[in-house]
Number of protein chains: 2
Amino acid sequence: MAKKNGTANRQGSGPSTGQTERQPPARYWELIRAAGKLFEEKGYQGASVRDIADAVGMTSGSFFYHFATKEDVLFAVMEGGMLQGLEVVTKKLEGARSAREQLYALVLGHLEGLHSEYGYAHKVWLREWRQISPEKRAPLEALSQSYRDTWLQVLAKVKNEGLIAADIALFRRMTVGALNWTVHWVRNPTPEQLQALAADFVGAFLNEPNPEVRR
Amino acid sequence: MAKKNGTANRQGSGPSTGQTERQPPARYWELIRAAGKLFEEKGYQGASVRDIADAVGMTSGSFFYHFATKEDVLFAVMEGGMLQGLEVVTKKLEGARSAREQLYALVLGHLEGLHSEYGYAHKVWLREWRQISPEKRAPLEALSQSYRDTWLQVLAKVKNEGLIAADIALFRRMTVGALNWTVHWVRNPTPEQLQALAADFVGAFLNEPNPEVRR
DNA sequence: CCTACCGATCGGTAGG
DNA sequence: CCTACCGATCGGTAGG
């Protein structure tokens with residue numbers, strides 16, 4: 001969708017040079033990954049097309065063989081990150097039975113998405129959303145909407161069980177705001193630290209009396 | 001501190017042209033204000049020195065009569081916003097008796113700071129913090145620390161009264177994260193809407209049973 | 001995917 | 001505070 005004219009695209013649009021299998025457009029994904037990391041580090045405007053191209057060992061002109069514009073690679077970073085995040089969360093949710101366990105799964109999944117090795121995509125989403133021109137926002141907003149709906153379904157159950165009293169729309173905003181804010185104070189957590197943090201967050205969101213050990 | 005050599009500064013460093021009172025360096029504050037709004041709208045890197053100078057009707061070269069670098073005006077935007085925010089919150093806190101009322105005062109003050117006419121300063125702080133070079137961060141971090149301490153003092157009381165169970169450091173991060181996130185979904189609220197929102201937030205943070213009317 | 005390049009714009013400066 | 005300007009860098013393109 002954000003693709004300009006990479007190898008796979010050409011093969012997809014008709015019979016080609018004799019290759020019967022689609023080649024993985026490795027360079028395309030390398031660029032997305034490099035761009036994501038650079039956008040996270042220096043910001044969208046602070047990272048140049050040359051920076052991105054250099055990072056994968058190509059010249060700046062070649063970047064535009066893969067993407068028509070700089071904005072297109074930003075779009076691809078965000079889209080890829082959200083698709084992967086949705087997948088992880090959906091899977092995590094299947095293993096959860098009770099409403100409370102599902103809430104924990106969402107919280108942990110969200111934290112993992114933000115702080116995993118691919119977390120740059122979500123951080124870039126949070127910081128650089130406004131760099132996406134309004135005409136191109138719709139597909140990203142659809143993904144975002146789908147994620148929002150997942151949260152609201154779980155929160156409706158949590159509220160039905162009497163665990164929260166607030167409006168679930170406000171509660172969701174409170175929750176994702178608190179979780180997204182961790183990008184400012186959580187650094188390179190281990191999986192165990194993330195699990196402990198998710199448990200603490202669920203306890204704080206529900207204002208539950210503390211379990212024995214944890215202060 | 002972020003000043004280069006404006007009128008007031010010159011007069012402050014010695015006897016001058018016969019003026020005995022300090023002139024308000026109006027152009028200096030105009031630049032800060034214009035810069036803040038432009039940084040909010042287009043981002044620090046997206047707004048040029050020329051944009052800022054144009055906004056107050058001067059040429060780009062003249063900008064550098066007031067500020068040595070573009071970064072200095074960003075610094076001034078942030079510093080000014082935080083100083084004003086601290087003042088507002090301190091005053092609001094004096095009128096609050098109970099711990100719960102103090103929490104409400106903090107929440108409302110924070111929301112007002114973000115969504116007031118000067119809210120651009122705080123939004124810029126949130127989005128452009130990393131543009132401040134590490135050597136220049138200390139004074140801003142001191143202001144931030146002071147604000148943090150104010151929160152922690154109130155939260156300690158709130159916890160003492162048994163209103164929350166979580167660790168107050170985590171609770172504070174949850175709270176400010178949720179409040180800062182409102183920049184993404186609250187638009188031009190009236191004072192009344194802000195008060196209602198603050199009340200809802202306090203209820204959600206404490207997971208209190210809902211009052212009668214509000215859903 | 002590279003070379004060579006374009007016009008535009010950037011932050012900042014010299015001299016008044 | 002303005003004029004006139006600098007070197008650097010930017011996103012993007014033509015042609016292969």
Side-chain angles (χ1 to χ4, degrees), chain A residues 2-11 16-17 19 23-35 38-39 41-77 128 131-133 136, chain B residues 2-11 16-17 19 23-35 38-39 41-77 128 131-133 136:
Chain A
K3 200 92 178 284
K4 188 183 179 186
N5 53 5
T7 308
N9 227 17
R10 283 188 182 154
Q11 296 183 346
S16 61
T17 58
Q19 290 270 13
Q23 299 281 60
R27 301 296 272 165
Y28 176 76
W29 289 107
E30 279 178 54
L31 279 171
I32 292 178
R33 184 182 177 77
L38 283 163
F39 291 159
E41 182 190 335
K42 312 168 75 170
Y44 174 67
Q45 317 224 41
S48 69
V49 167
R50 281 162 179 81
D51 291 334
I52 300 167
D54 282 354
V56 304
M58 63 173 69
T59 62
S60 68
S62 301
F63 171 91
F64 293 99
Y65 171 77
H66 296 280
F67 295 95
T69 68
K70 186 186 177 187
E71 188 188 348
D72 282 352
V73 73
L74 174 62
F75 183 99
V77 167
E128 310 293 351
Q131 303 293 342
I132 299 286
S133 55
K136 296 191 176 177
Chain B
K3 201 89 179 287
K4 189 185 180 184
N5 52 4
T7 307
N9 226 17
R10 281 187 182 152
Q11 297 181 345
S16 59
T17 59
Q19 291 269 14
Q23 299 281 61
R27 302 297 273 163
Y28 176 77
W29 290 107
E30 280 179 52
L31 280 171
I32 293 177
R33 184 180 176 78
L38 284 163
F39 291 159
E41 181 189 336
K42 311 167 76 169
Y44 175 67
Q45 317 225 39
S48 69
V49 168
R50 281 162 180 80
D51 292 334
I52 300 167
D54 283 354
V56 304
M58 64 173 67
T59 61
S60 68
S62 301
F63 171 90
F64 293 100
Y65 171 76
H66 297 280
F67 295 94
T69 67
K70 185 186 179 188
E71 187 188 349
D72 281 351
V73 75
L74 174 62
F75 182 100
V77 167
E128 309 294 350
Q131 303 292 344
I132 299 287
S133 56
K136 296 190 176 179

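Every chain is numbered from 1, with letters handed out A, B, ... down the list of sequences.
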Requested in this report: Kindly say if B/R27 contacts the phosphate of D/dC1, meaning a side-chain N or O under 4.0 Å from OP1 or OP2.
Outcome: yes
Query raised in the report: Under 4.0 Å between a side-chain N or O of A/S48 and OP1 or OP2 of D/dT9?
Result: no
Query raised in the report: Want to settle it: does A/F63 or B/D51 sit nearer the 5' end of DNA chain C, counting the closest nucleotide to each?
Result: A/F63
Query raised in the report: Can you check the B/D54 CG to D/dC1 P distance for me, whole Å?
Result: 14 Å
Which nucleotide, [options], lies nearest any side-chain atom of [X]?
| X | options | answer |
| --- | --- | --- |
| A/V49 | C/dC1, D/dG11, C/dC2 | D/dG11 |
| B/R50 | C/dG11, C/dC2, D/dC2 | C/dG11 |
| A/F64 | D/dG12, C/dG12, D/dC2 | D/dG12 |

**Report entry** D/dT13: pairing nucleotide in any strand, Watson-Crick or G-U under 3.5 angstrom
**Finding:** C/dA4
Query - Atom pair CD1 (B/I52) and NE2 (B/H66), whose distance is rounded to the nearest 0.5 Å - result: 12.5 Å
Requested in this report: Could you check A/F67 against A/I32 for side-chain contact (heavy atoms from CB on, under 4.5 Å), going step by step and ending with a plain yes or no?
Outcome: CA-CA 10 Å; A/F67 295 95; A/I32 292 178; 3.7 Å; yes
Report task. Select base, sugar-phosphate, or nothing to describe what A/T59 touches, counting heavy atoms under 4.0 Å on all strands. Result -> base
Query raised in the report: So, the side chain of B/E128 versus the backbone of B/Y44: is there a donor-acceptor pair under 3.5 Å, distance only?
Result: yes
Requested in this report: Look only at the side chain of A/D51 and the backbone of A/S48, and say whether a donor-acceptor pair between them is shorter than 3.5 Å.
Outcome: yes
